[in-house]
Every structure is written in C-alpha cells, then in structure tokens.
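Below: the structure, in structure tokens.
Nothing here was measured: the structure is a model prediction, and the numbers come from that model. Numbers here simply count residues along the sequence, with the first being 1.
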Amino acid sequence: MSGRNVAMTTVAFIGLGHMGNPMAANLVKAGHTVLGFDLLPENLDTAKGNGVTIAANAEAAVADAEVVITMLPAGKHVLSVYESVVKTAKNGALFIDSSTIDVDSARKAHDIAQKNGLLSVDAPVSGGIGGAAAGTLTFMVGGSTEAFVKAEPVLKQMGARIVHCGEAGNGQAAKICNNMILGISMIGVSEAFALAEKLGLSHQALFDVASTSSGQCWSLTTYCPVPGPVPASPANNGYKPGFAAALMLKDLKLSQEAANSVGAATPLGAHAEEIYAQFGAAGNEGSDFSGIINYLRDAKRQG
C-alpha cells in the first residue's frame, strides 16, 4: 500500500463486514487509531482481533474521529447512519462512504454532511474481498476537490488506485456503470464458452484465441468462468466468491434505477439484470457471479 506518510489520525469505521473489516485492518496497520462499530457481534470480534477498538454504538465511534468511513448494504442504511452521527461528529471531520448505493442516496448523504459543516466523498470500491485484504482496491470518488484532497491519503492506505470522478454522487455513478459492463461481459464470455463446448472447442483453445484477439476483456483474462485457463479464478474453486451473484444483481438493479431516472437506454444492462435475477432465484445468490455459465449451459434456446 502507498500513502504511508499521511499523518496518523483517528478513524471511525462503521460497517465491519466482509469488505469493511479488512479495510479497517489496513488502516490499523498503517498506524491509525480505528474505532469500529457493526450490528453483528461476529464482525466486531473479527475487527477486535485486527486491532480495531470497538465502540458501543456509531455515535460513540464518530465522536473523536477526524475521518468517518461507512461500508453499509444500501442507501437507506447510509442515510440513517449519517442522520444519527453528524450531530456528534467533530468540527471539520471528513465523511467517506465506501458503500455501493444509488446515486440519489449518495447525493442526499452529501447534503446531510454539508448542512452540518462537514466535508464528504462517496468512494465505492472495486477489487472485492481479496483487494480489500491486500490494500489494492480501486476507489471511485465523488465530491468537491477540497474533500477529495483530504480523503486521498486515507484512501491510499486501503487501495492502489484512487480516481476523482467529479461532483457528489459521481463515484457511485462510475461504480454502477463499470459493474454494468462487468455483468454484461461475464454473460457474453460465459455464452461463448458454453457455445464452444457444444461445438467441440476446448476451453484452452478458446481462451488462447480470445485472450489475444478482439474478444479480450477482464471477465475472460482475469476471471475466466471455466476451470483451467486462469488458475486464480473462482471457477477453479467451486465458484466460491469472489464477488457473489447477489452483489452483481444489486449493482445491475442500481444501474437500471439510474438509467430509468435519466431516461438512458441500456437494453443489455436490463437483460443482464433479468438473467442474474433468474440465476439468483435458482438458489445461486451465494455463488460467484462467474457461475452464471452453469445457468447458461442449461438455459433453453429461445426462438
């Protein structure tokens, strides 16, 4: 991780789940005092083992913090926490929300912070649990230049790439658009491998051609949905996530909510949402999203 010359500070970290806990642990390793809170006792136990000081509640975690980081499931949770803690936050505290939520809620969270004299950024992440543990996440950041400049050194201690995407909410917009591409491309790659199997073409042969040709993409070369060609992909570990199909569906739903709100035509994004909804309804919510290939192999051809 880079950015280790930043001054040590007190950080409140609210939301210590699969992503939040390793992110908080990296801040502890960097020398910060981290006060954490989560509703689940098992998450608190893990955080405590990582050197996080456990607070009695979110308000207590925030009271002495210069930086407040949230990593929560949905916009309603972020807004609820912001409403409950801004009154007890220190003057000049910086709020960083790294949850993946809808753009409208992200902008409402910025408004709450601003009305209370606080700087804020929305900074969702890409890189998954592995990236969180390794400190190699990509942060897509929305907010004022002043807030970004203040947030960047802290984010660098949890990630390898920090991108300022523009005004409030634009970090979420970038995350949603990126993951819509990811969901669509994984379906396309999976369809190609399923077709290749029926045509008698080996996985390796297709990979060797497509990975060096016009079909090349991250879903193929880094996260190949069949065992063999990319040893580190979840396909070689029983499709254990990774990035769970339920999370991909969440992001695709957010992309369609955003598209509807601005009248954008995203027909492939809409169809990808339908396919992942069907995949999840068949009992695969906890499978890695690349496991969609197993669903596509069994799907009936239409027309």
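Asn294 CG to Asn284 CG: the interatomic distance, rounded to the nearest 0.5 Å, is 8.0 Å. Interatomic distance, Leu247 CG to Leu249 CG, rounded to the nearest 0.5 Å: 9.5 Å. Distance check, rounded to the nearest 0.5 Å: CG of Asp102 to CD1 of Ile176 gives 7.0 Å. Between atom OH of residue Tyr276 and atom CE of residue Met186 there is a gap of 6.0 Å, rounded to the nearest 0.5 Å. Interatomic distance, CG of Leu79 versus OG of Ser84, reported as 11.0 Å (0.5 Å rounding). The OG atom of Ser190 sits 10.0 Å away from the CD1 atom of Ile275 when rounded to the nearest 0.5 Å.
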- prompt: Could you walk me through whether Phe193 and Ile293 pass the side-chain contact (heavy atoms from CB on, under 4.5 Å) check?
  reply: CA-CA 8 Å; Phe193 273 102; Ile293 188 171; 3.8 Å; yes

message: Pair Asp104, Lys108 - check salt bridge (charged side-chain N to carboxylate O under 4.0 Å, His left out), show working.
response: CA-CA 6 Å; Asp104 184 55; Lys108 287 179 181 178; 3.3 Å; yes

task: Go through the steps to decide whether Tyr223 and Phe289 satisfy the test ring pair (Phe, Tyr, Trp, His ring centres under 6.0 Å), and finish with yes or no.
output: CA-CA 10 Å; Tyr223 223 71; Phe289 84 106; 5.4 Å; yes

- request: Would you check, one step at a time, whether the test side-chain contact (heavy atoms from CB on, under 4.5 Å) holds for Phe148 with Ile162?
  value: CA-CA 10 Å; Phe148 175 76; Ile162 321 298; 3.8 Å; yes

- request: Could you walk me through whether Thr53 and Val34 pass the side-chain contact (heavy atoms from CB on, under 4.5 Å) test, one step at a time?
  value: CA-CA 6 Å; Thr53 300; Val34 181; over 6 Å; no

message: Quick one, Met23 with Ser98, criterion side-chain contact (heavy atoms from CB on, under 4.5 Å). Give me CA distance, side-chain angles, the key distance, then yes/no.
response: CA-CA 10 Å; Met23 292 167 68; Ser98 286; 4.2 Å; yes

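Cluster annotation: Phe13 and Val67 are assigned to the same hydrophobic cluster (Ile/Leu/Val/Met/Phe/Trp/Tyr, side-chain heavy-atom contacts under 4.5 Å, transitive). Side-chain heavy atoms closer than 4.5 Å link hydrophobic residues (I, L, V, M, F, W, Y) into clusters, and following such links, even through other members, never connects Trp218 to Ile181. Hydrophobic clustering, with ILVMFWY side chains joined whenever heavy atoms are under 4.5 angstrom apart, keeps Phe207 apart from Leu296. Clustering ILVMFWY residues whenever any of their side-chain heavy atoms sit less than 4.5 angstrom apart, transitively, puts Ile96 in a cluster other than the one holding Ile101. Residues Ile187 and Leu268 share a single hydrophobic cluster, defined by chaining ILVMFWY side chains whose heavy atoms lie under 4.5 Å apart.
With respect to the salt-bridge test (charged N to carboxylate O, under 4.0 angstrom), the residues Glu152 and Lys156 qualify. Using a 4.0 Å cut-off between a side-chain N of Lys or Arg and a carboxylate O of Asp or Glu, Glu59 and Lys87 do not qualify as a salt bridge.
Side chains of Thr10 and Asp64: a donor-acceptor N/O pair is absent below 3.5 angstrom, by distance only. Thr266 and Gln256 share a donor-acceptor pair across their side chains, judged by distance under 3.5 Å alone. Using a 3.5 Å distance cut-off with no hydrogens or angles, the side chains of Thr46 and Asn43 do not pair a donor with an acceptor. Thr138 and Ser126 share no donor-acceptor pair across their side chains, judged by distance under 3.5 Å alone. Donor-acceptor pairing under 3.5 Å is recorded for the side chains of Gln204 and Asp208. When only modelled atom types and interatomic distance are considered, His110 and Ser120 share a side-chain donor-acceptor pair under 3.5 Å. Judged by distance alone, the side chains of Glu197 and His203 do bring a donor and an acceptor atom under 3.5 Å apart.
Within 6.0 Å of atom CZ in Arg161, 12 or fewer heavy atoms from other residues, nucleotides or ligands are found, so the atom counts as exposed in its surroundings. Applying the 6.0 Å contact sphere to CD of Gln114 captures no more than 12 heavy atoms from other residues, nucleotides or ligands. Dense packing is recorded around CD of Glu42, with more than 12 heavy atoms of other residues, nucleotides or ligands lying under 6.0 Å away. Other residues, nucleotides and ligands place more than 12 heavy atoms under 6.0 Å from the NE2 atom of His77.
Listed for the Thr221 side chain is a donor-acceptor partner under 3.5 Å among the backbone atoms of Cys217. Side chain of Lys250 to backbone of Thr100: a donor-acceptor contact under 3.5 angstrom is found. In this structure, the side chain of Asp97 engages the main chain of Ser99 through a donor-acceptor pair within 3.5 Å. For the pair His32 (side chain) and Thr9 (backbone), a donor-acceptor distance under 3.5 Å is present. The backbone N or O of Ala106 sits nowhere less than 3.5 Å from a side-chain atom of Asp122 that would complete a donor-acceptor pair. Distance alone, capped at 3.5 Å, places no donor-acceptor pair between the Asn170 side chain and the Ala173 backbone.
Using a 4.5 Å heavy-atom cutoff, the side chains of Val163 and Val141 are not in contact. In this structure the side chain of Ile292 never reaches within 4.5 angstrom of the side chain of Met248, judged on heavy atoms. Between Val68 and Leu94 the shortest side-chain heavy-atom distance does not fall below 4.5 Å. Residues Leu252 and Met180 meet the side-chain proximity criterion, which asks for heavy atoms closer than 4.5 Å. Taking 4.5 Å as the limit, every side-chain heavy atom of Met71 sits out of range of all side-chain heavy atoms of Ile14. You'll find the side chain of Leu16 stays beyond 4.5 Å of the side chain of Phe37, heavy atoms only. Residues His164 and Val121 have side chains not in contact (no heavy-atom distance under 4.5 Å, counting atoms from C-beta outward). Under the 4.5 Å side-chain criterion, counting only non-hydrogen atoms from C-beta, Asn179 is in contact with Phe243.
Here the rule is side-chain contact (heavy atoms from CB on, under 4.5 Å) with Val85, and of Leu118, Val62, Ile112 only Val62 fits it.
Taking both residues in full, the closest heavy atoms of Leu72 and Gly15 are given as CD2-CA, 4.0 Å, listed atom of the first, atom of the second, then distance. Scanning both residues, Ala235 and Val226, for their nearest heavy atoms gives CB-C, 3.4 Å. When all heavy atoms are compared, the tightest approach of Pro227 to Tyr239 is CD-OH, 4.1 Å. Arg107 and Ala168 get closest at one heavy-atom pair: NE-O, 2.7 Å. When all heavy atoms of Ala109 and Val78 are compared, the closest pair comes out as CB-CG1, 4.2 Å. The heavy-atom pair separating Gly291 from Ser287 by the smallest distance is CA-OG, 4.2 Å.
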